[in-house]
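Both counts, for ligands and for their atoms, begin at 1 and track the order of listing.
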Amino acid sequence: MKSTGYVLITGASGGIGMELAKIAAGKGYSLILAARNEKKLLELKAELESKHGISVVIHQADLSKPEEITKMAEELKIKKLKVSYLINNAGFGLFGEFLETDLDAELNMIDLNIRSLTHLTKLFLPDMTERNEGGILNIASTAAFQPGPLMAVYYATKAYVLSFTEALENELKDTNIRVSALCPGPTDTGFSERADLGKSKLFNNGVMRADQAAQAGFDGWMKGKTVIVPGLQNKILAGSVRFMPRKMITSIVRSVQGKN
Ligand SMILES: NC(=O)c1ccc[n+]([C@@H]2O[C@H](COP(=O)([O-])OP(=O)(O)OC[C@H]3O[C@@H](n4cnc5c(N)ncnc54)[C@H](OP(=O)(O)O)[C@@H]3O)[C@@H](O)[C@H]2O)c1
C-alpha cells in the first residue's frame, strides 16, 4: 500500500484521527492533517516530524463549510501535494430527544459527517483512479448498523457513511484503490463530551482506547477489509442486529442509550 503521495486525515487534532496520524507516520507516510484547532495540529506536526522524519503539512479548516474544503483542495494543488490516501475521520454526535436537540447543531453534523466526507471523496478520488493507486478510509460507527433513538441524526449519518463506503468499494473493486469503513463502538476520545453523552448510559459499559480502534482500522484497511468492526463486543453487537426484528433492535438501543 506504500505510495509517494500524502495521507490526508481529517479531524487529526484529537481522538481516533490523531491516533491514525501516529500510526501512518510510524509506517513512514507523509501526512496532511486537517481540523479546526491549529495549535493541536502544530503540536502533532512537531512530534511526528521529529519522531519519524516524515513531512507533515497542516491545514486549519472548518470542514463543515464546503468553501473551506474547496480552499483546502486548491491550496494542496498549488503546493503540488498529491493525496494518495484519504481518511475521512472528522465527525461528531449529539445526544438527546429529537424534539429537544438543537437544529443548527444537527444540520452542522450532517454537513460534517455526510456532506464533507462525500465532497472530499469526490475531490480526491479521480486522481487516485487515474493513477490506479490509493485508498479511502471512512470512519463510520457501530451506530451505522441500526437506528439510534436519542441520537437519531447521528446514527443516520453513520448509516450513510457505511452504505456509501460499501457501494463505492463495489464500484472500485477492479482497481487498486482500497475503500474501507471503520465502525468503532464507544471509544475514549473527545466525542462523548461534544455529544453531551454524560447524560447517557452508553459509555457506562466500557470503552475502547482510541489507539486500539485506530490500529484495527488501519490494519483492516491495509488488508483490504471493507467493513472493520474493532473489538469482540462491538463485533457481536454489529453481527447480532442482522438477525433481530428492526423494532426490537431500536428499542434495545433506546434502553442501552437511555438517560443516566
Ligand atoms: N469516540 C467514539 O465513541 C466513536 C465511536 C464511533 C465512531 N466515532 C467516530 O470517530 C470519528 C472521530 O471522532 P473521535 O471519537 O476521535 O472524536 P474527537 O476526539 O471529538 O475528534 C473529532 C475530530 O474531528 C475534528 N472536527 C470536529 N469538527 C470539525 C470540523 N467542523 N471541521 C474539521 N474538523 C472537525 C476535531 O478537531 P477540531 O475540534 O480541532 O476541529 C477532532 O480532531 C468521528 O467521525 C466519530 O463519529 C467515534
### Task
For the pair Asp127 (side chain) and Val83 (backbone), establish whether a donor and an acceptor sit closer than 3.5 Å, ignoring hydrogens and angles.
no
### Task
Taking Lys22 for its side chain and Gly17 for its backbone only, find out whether a donor-acceptor pair lies under 3.5 Å.
no
### Query
Mind checking whether Ala34 has a heavy atom under 4.0 Å from ligand 1?
no
### Query
Heavy atom of Ala140 under 4.0 Å from ligand 1?
yes
### Query
Side-chain contact, heavy-atom cut-off 4.5 Å: Ser180 with Thr226?
no
### Task
Below 4.0 angstrom from a heavy atom of Phe203, which ligand 1 atoms are there? Numbered from 1 as shown, please.
3 (O)
### Message
If we ignore hydrogens and angles and just use 3.5 Å, is the side chain of Ser192 paired with the main-chain N or O of Asp188 as donor and acceptor?
### Response
no
### Task
Provide the number and element of each atom of ligand 1 under 4.0 Å from a heavy atom of Asp62.
30 (C), 31 (N), 32 (N)
### Message
Suppose we measure from atom 5 (C) of ligand 1 to each protein heavy atom; which comes out shortest, and what is that distance?
### Response
Gly185 O, 3.2 Å
### Task
Among all protein heavy atoms, pick out the one at the shortest distance from atom 28 (N) of ligand 1; state its residue, atom name and that distance to 0.1 Å.
Arg194 NH1, 3.0 Å
### Query
Which option out of Pro230, Ser141, Ser13 puts a heavy atom nearest to atom 37 (O) of ligand 1?
Ser13
#### Entry: Thr142, any N or O under 3.5 Å of ligand 1 N or O
no
#### Entry: Protein heavy atom at shortest distance from atom 6 (C) of ligand 1
Pro184 O, 3.2 Å
### Query
In the protein, what heavy atom is nearest to atom 10 (O) of ligand 1, and what distance, to one decimal place, separates them?
Ile139 CG2, 3.4 Å
### Task
May I ask you to identify the nearest protein heavy atom to atom 24 (O) of ligand 1, giving residue, atom name and distance to one decimal place in Å?
Gly11 CA, 3.5 Å
### Task
Decide whether the shortest distance between a heavy atom of Ala12 and an atom of ligand 1 is less than 4.0 Å.
yes
### Task
Look at ligand 1 and say whether Leu112 reaches it with a heavy atom at a distance under 4.0 Å.
yes
### Task
Using a strict 4.0 Å cut-off to heavy atoms of Gly14, name the atoms of ligand 1 that fall inside it.
43 (O)
### Query
With distance as the sole test, does Glu49 use its side chain to make a donor-acceptor pair with the main-chain N or O of Val56 at under 3.5 Å?
yes
### Message
Donor-acceptor check, side chain of Glu19 to backbone of Ala214, threshold 3.5 angstrom: yes or no?
### Response
no
### Task
Would you mind running through ligand 1 and noting each atom that sits below 4.0 Å from a heavy atom of Ala61?
32 (N), 33 (C)
### Query
Pro186 to ligand 1: N or O pair under 3.5 Å?
no
### Query
Listed by chain and number, what are the ring pair (Phe, Tyr, Trp, His ring centres under 6.0 Å) partners of Phe124, not counting sequence neighbours?
none
### Query
Can you tell me the protein heavy atom closest to atom 14 (P) of ligand 1 and the distance?
Thr189 OG1, 3.4 Å
### Query
Do the side chain of Lys201 and the main chain of Ser255 share a donor and acceptor less than 3.5 angstrom apart?
yes
### Query
Among all protein non-hydrogen atoms, which one is nearest to atom 46 (C) of ligand 1, and what is the separation to 0.1 Å?
Tyr154 OH, 3.7 Å
### Task
Measure from atom 22 (C) of ligand 1 to every heavy atom in Gly91, Ala90, Gly15 and give the option owning the shortest one.
Gly91
### Query
Side chain or backbone of Lys158 under 4.0 Å from ligand 1, or both, or neither, by non-hydrogen atoms?
side chain
### Query
Aromatic rings Tyr160 and Phe164: how do their planes relate, parallel, tilted or perpendicular, breaks at 30° and 60°?
parallel
### Query
Would one find an N or O of Phe92, backbone or side chain, under 3.5 Å from an N or O of ligand 1?
no
### Query
So does Glu133 pair up with Arg131, basic N to acidic O under 4.0 Å?
yes
### Query
Taking it one step at a time, do Tyr154 and Phe191 satisfy ring-ring contact (aromatic ring centres under 6.0 Å, His included)?
CA-CA 12 Å; Tyr154 177 71; Phe191 177 85; 5.2 Å; yes
### Task
List every atom of ligand 1 that sits less than 4.0 Å from any heavy atom of Asn89, numbering the atoms from 1 in the order shown and giving each element.
11 (C), 12 (C), 44 (C), 45 (O)
### Message
Can you check which of Leu63, Asn113, Leu117 brings a heavy atom nearest to atom 32 (N) of ligand 1?
### Response
Leu63
### Query
What is the closest protein heavy atom to atom 19 (O) of ligand 1, and at what distance does it sit?
Gly190 N, 3.0 Å
### Task
May I ask you to check whether Tyr85 and Tyr29 place their ring centers less than 6.0 Å from one another?
yes
### Task
Answer with yes or no whether the side chains of Gln257 and Ser200 bring together a donor and an acceptor at under 3.5 Å.
no
### Query
Can we say Lys39 and Glu43 salt-bridge, meaning some charged N sits less than 4.0 Å from an Asp/Glu carboxylate O?
yes
